[in-house]
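Step one of this worksheet: look at the structure below.
Just so you know, these numbers use all the heavy atoms, side chains as well, and skip hydrogens, waters and symmetry mates. A note on names: the letters A, B, ... follow the listed sequences, proteins ahead of strands, and every chain is numbered from 1.
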Amino acid sequence: MSQSQKPPARRNSLWWDALRHLRRQPLAMVSLGVILFYVGLALLCSAGVIFTDYALVDHNRPYQEPSWENWLGTDIFGRDVLARAAHGSITSLSVGFVGTGLALVIGTLLGALAGYFGGRTDDLVVWFYTTVDTIPYILLVVSLAFIMGPSLQTLYLAIGLTFWVSHCRIVRAEFLKHRERDYVQGALAVGASHWRRIFIHILPNIFHLILINFSLVFVTAVKSEVILSFLGLGVEPGVPSWGMMINDARLELPRGVWWGLAAATGFMFFLILAFNLFNDALREALDPKRSRV
Amino acid sequence: MSSDSLIEIKNLSVEFQTDDGQVKAVKNISFSIPRGKTMGLVGESGSGKSVSSLAIMRLIPNPPGKITSGEILFDGQDLLKLSEPQMRKIRGNRISMIFQEPMTSLNPVFTIGDQICETLMLHRGMDKKAALAKVVELLDQVGIPNPAQRVNSYPHEMSGGQRQRVMIAMAIACEPDLLIADEPTTALDVTIQKQILELLAKLQKEYNMSVLFITHDLGVIADIADQVVVMYRGDIVEQGRTLDIFQQPQHPYTKGLLACRPSLDKNPLRLPTVSDFMTEEGKEKNFDVESIKQVKASRPVQEEKNPVLLEVFELEKHFPTKKGIFGNVQEWLKAVDNVSFKVRKGRTLGLVGESGCGKTTLGRSLLRLIEPTAGQVLYNGTDVTSLDRKAMRQMRRKMQIIFQDPYASLNPRMTVGSAIMEPMIIHGIGESKDERMEKAGELMDKVGLSRIMLNRYPHEFSGGQRQRICIARALAVSPEFIVCDESVSALDVSIQAQILNLLLDLQEELDLTYIFISHDLAVVKFISDEVAVMYGGKILEMNDALGIYENPQHDYTKKLLSAIPKGL
Amino acid sequence: MFKYVVRRLLYTIPILFGVTLLTFLLFHIAGGDPAAQAAGKHASAEEIALLKAQLGLDRPLHQQYFFYLQQIATFDFGRSWATKQNISSMFKAGLGPTLSLTLPAFFLAVLITISLALILAHLRGSWVDRLSLVLCLAMMSISFLVYILAGQYFLAYQFSLFPISGWDPDPILRWTYLALPILIAVVVSIGPDTLFFRTVFLDEISQDYVRTARAKGLAEGRILFKHVLRNALIPIITIVVIRMPFLVMGSLLLEAFFGIPGLGGIMFQAIQNSDFPVIKAMTFIGALLYMFFQLFSDILYAAVDPKIQLR
């Protein structure tokens, strides 16, 4: 045995196992397809490839009903509703991804430290997140938005700095549980450092929860954008967003203009439903209790 | 059907739907249970014994499970043809069942009185008052002290043994014809196990019930059963009178199973394993039975070859159990209480005791996986408890541990190769990845696994294989001293024998020193040179292995020894 | 039991401190220059400085914090910048309308979703269950705002089943105005709550004690309604009680749309007007309520979970 045998790479990790399970679920695959479609749509819109006329104002054609020219009609400024709804996906997806990403990074880090080290660190983190959690989230967001003024960045921060709490709680509980598990104790017994135990051992074992939480928080973030827009704390005026379109419907509906609301609601509905359905399948595929040999 | 059979199972098959397709859990089995007798159903994990018993109750979760064929004739009536409401009239009334986990099998939010009453009110149409009176009677019968008060207790207020008694009271409440006991003593300590077995035997006579007793433990079967059915991978390989099965086993699997069990009265050099008797395909092998009769000579201490390696001095570990209003600790549990002992190089100290006696805490404190409260652990003269982090890390190269549950002690997201190489990376063993890979391969060879398996993940291995991997990982740093913390307790007996043999081989080859922690006295006797008996955080008695068993000094040790099922 | 409650109470002290500190700092930064706002747009520099001194804003930060603590301790939050009303009396006036909206909505929603979840748990794995699951997820995929807009437009405006918005101080007459917002609140909660309760029930059904109950010969329905429901109460209480602050804080959106003069409506106005004293007071009261209900749920546990009485 002089030559070191390099066995061929095999796709046999628990991740591949979950993926194989997922691929057998048609609903999950369709949902994933829909999510990817939205991502593609947002990328193409922001690259200026499709729906380039989203900001084209035509004062002669306000509130046109859906037609062959404007499939989903026009808004008060004569802008194409379909194009604006399509561009709204940029706002929603970026709020979703950035805000959620921020929340998960904060939550995971604090939760990991608290759960792993316990003691004073834990007391401090628990105190901190209980405090943040105790303040009604909408008011927390409001005060953050007041500090920064309405903008996309505000939305990112407002969502990132408030939505980390529930995630942090879960990560902390998992670390508390896992640090006592034999595989972590075994790592300690061979001399693994704290860093190694946290990031090489425990984190990969709870990563599926982070993934599941991602889609949960993502959905909440996208929905929050609508509410924050209603409170006047959303994106700057002029930036296309579903929240803004839904809010405009307050004035449009009494005039019989339903297409703005329908477009924004429809776009949002399929994105969130896809995330919800995918999350449901993901949860099952990643469930450690799912029977394995 | 013969009139002396209460229940007759004919050609029963059960399948489970899994991700990898249909799995046959029970393959076309037939057996019958005579009236008023105890039938033992014995088999290792995955043999289909529990599934068979759940099939009788028609409690197999569907999906994923399904009874695909067969008849279960109970008093001549096919249970599989009954409607669900008809079947419910039989469950808990004419056939009742007790389970392995007394801790979780009772509903935590109702009193035990309520839960037993429920059965009586359902099947006997009693009113609450009459039922309660009967419950008190039943609790008394199963040996619960102060039954009149205890009816109002919640399950969490009782010990594991008491809860199992409550389960039994519930099961016999309607004086069933058949009691199915699915591993009822597996989760209990030996002394409690003995009491429960005696209780079951007593009740069986009083009520003239048939009992189907399911277990993996042949010793228990010999004590309680009149007849035995041996199951292996969904098949019945052998059935007959208990005495016949134990004295003249016919099937190679049964022979292997009987032979591989360490026992108190034998003292073999090595344990035979099932694979000595039987090929993978189930064909009989020629095995020289004489070779297992070799008796292990006790190894006398040689000063120059066996110097003292580890010396534990007044070790203490306390846990807070009760806290005051301000989080101040009011009560401590002394999990390890003033423990001192010595271990010599190249020898094995067995540490035996029942659950909660502090043996695991002690083992972990030695390696500082748990920080001891007080005392010293001298390893080659160095006090381990006072080492700083860096020195402690160096020390970990010499001291290793193998845990109980091979499913929990490997990181499921790490390949076996990475797991074995990790200690080498931490301690800078090996120059390159290839070199470490090569060494990991050698370790795999050493523990009897193929090096091609290095890039697999733990979930692709069986329990025994995983325990071998854990051993390889512990050996990766070339330690001198290993704590085996219940390292074979979670394994089937046939696998347990293999791992014990492996540990002995490695000790001889690498001059290892072991502390072997276990609740199983027979296993400890087989592997240890010296044995210490622990109870309540203290070491009660310590002697060489033969001495402890042949001449126990402490009352507790005697009680422990007498509680072990004798087998035949 | 007593000790458990006392320990729980003591635990709220550091949280209370954290909440006051965080709200103080947030609004200190967020508030920009409260004096400038309170004095109006055309105030001169001297006027602003005078007002600052009056409000104590020229003092060092820690003194301002103590002043804030004093305000809290006396429940005297000063006056609204926008309406110049006393904030405490504004809250008192808003409490009634809010509760008459949220209490019925809350209890109806809990009752309906728990029943639905029990039915689904009973039918688990069937096509009804699977379809309901997707339906619930679909209901969750629509914004709260859309439910309000659509409900108001179709049910009130188009079909005139309800008044579009408005309020009557009379405790009986107000129900005509409350019916639609209550309906919407219940519909919105059906998706997420049914799913949550269903998961709780399914978790319980897989426990060992359920197998024991089956082995006794109990029927599925009895197992579900007696054994499972009683155990599931423990996680259910958590989620239900934690939502209770919403009872008092009101649903901001519903009150804003339907013109209900409750706390939610007050808050909505305050946010629109950047009315800092009101928002600040509201934030603190919201936090206080949350803490109170948290405590309440922990004590409720003791009633439901026999294990807790031992601690």
Side-chain angles (χ1 to χ4, degrees), chain A residues 27 31 123-124 126-148 219-220 222-227 229-233 242-243 246-247 249-250 252-254 256 258 261-262 264-266 268-277 279-280 283 289, chain C residues 11-12 14-23 26-27 29-32 130 133-134 136-138 140-146 148-150 152-154 157 164 191 195 206 242 245-246 249 252-253 256-257 267-268 270-272 274 276 279-280 282-291 294:
Chain A
L27 209 54
S31 304
D123 290 344
L124 196 69
V126 171
W127 172 76
F128 185 54
Y129 75 56
T130 315
T131 301
V132 173
D133 201 28
T134 303
I135 298 173
Y137 118 88
I138 195 85
L139 294 166
L140 202 60
V141 174
V142 165
S143 45
L144 280 171
F146 274 132
I147 299 174
M148 305 193 41
V219 165
T220 324
V222 170
K223 283 162 95 175
S224 294
E225 189 261 332
V226 179
I227 310 293
S229 295
F230 168 71
L231 295 175
L233 305 167
W242 300 335
I246 291 174
N247 279 303
R250 271 195 287 169
E252 293 172 359
L253 273 184
W258 50 268
L261 178 66
T265 305
M268 208 172 119
F269 176 78
F270 288 109
L271 175 65
I272 294 186
L273 184 61
F275 257 98
N276 279 336
L277 286 172
N279 183 48
D280 208 52
R283 203 190 288 260
K289 276 184 285 187
Chain C
Y11 181 67
T12 57
I15 305 299
L16 200 62
F17 168 73
V19 168
T20 56
L21 195 66
L22 199 65
T23 47
L26 265 179
F27 285 100
I29 308 168
R130 279 198 293 271
L133 212 98
V134 175
C136 283
L137 288 175
M140 287 164 71
S141 306
I142 298 170
S143 173
F144 194 178
L145 215 56
V146 174
I148 298 178
L149 283 169
Q152 205 172 29
Y153 179 69
F154 289 109
Y157 181 75
I164 293 172
L195 284 189
S206 64
I242 299 240
F246 149 92
M249 295 300 286
L252 201 142
L253 296 179
F257 268 91
M267 203 153 75
F268 177 67
I271 292 171
Q272 298 292 299
S274 305
F276 275 85
I279 299 178
K280 199 162 147 187
M282 196 62 110
T283 307
F284 182 74
I285 288 181
L288 209 61
L289 283 171
Y290 183 86
M291 279 162 53
Q294 190 93 74

>> At a 4.5 Å cut-off on heavy atoms, which part of C:Phe284 comes close to chain A: side chain, backbone, both, or neither?
In response: neither
> If you count heavy-atom pairs under 4.5 Å with chain C, which of A:Leu233, A:Ile135, A:Leu253 comes out on top?
Replying inline: A:Leu253
>> So, taking the atom named CG in C:Leu288 and the one named OG1 in C:Thr20, what distance separates them when rounded to the nearest 0.5 Å?
In response: 11.0 Å
> Rounded to the nearest 0.5 Å, what separation is found between the OG1 atom of C:Thr23 and the CD1 atom of C:Ile279?
Replying inline: 12.5 Å
> Under the side-chain contact (heavy atoms from CB on, under 4.5 Å) criterion, do A:Phe230 and C:Phe144 qualify, and how do the steps go?
Replying inline: CA-CA 11 Å; A:Phe230 168 71; C:Phe144 194 178; over 6 Å; no
> With sequence neighbours excluded, what pairs up with C:Leu195 under the side chain to side chain contact (heavy atoms under 4.5 Å, CB included) test?
Replying inline: C:Leu133, C:Cys136, C:Leu137, C:Met140
> So which part of A:Val226 gets closer than 4.5 Å to some heavy atom of chain C, the side chain, the backbone, both or neither?
Replying inline: both
>> side-chain contact (heavy atoms from CB on, under 4.5 Å), that's the test. Do A:Ser229 and A:Ile246 meet it? Break it down for me.
In response: CA-CA 9 Å; A:Ser229 295; A:Ile246 291 174; over 6 Å; no
>> Less than 4.5 Å to any heavy atom of chain C: does that hold for the side chain of A:Leu277, its backbone, both, or neither?
In response: both
>> Heavy-atom cut-off 4.5 Å, strictly under: side chain, backbone, both or neither for A:Asp280 against chain C?
In response: side chain
> If you count heavy-atom pairs under 4.5 Å between each of A:Thr130, A:Val222, A:Leu27, A:Leu140 and chain C, which one has the most?
Replying inline: A:Thr130
> At a heavy-atom separation under 4.5 Å, does A:Leu231 approach chain C through its side chain, its backbone, both, or neither?
Replying inline: both
> Which heavy-atom pair separates A:Ile272 from A:Lys223 by the least distance, and what is that distance?
Replying inline: CD1-CG, 3.6 Å
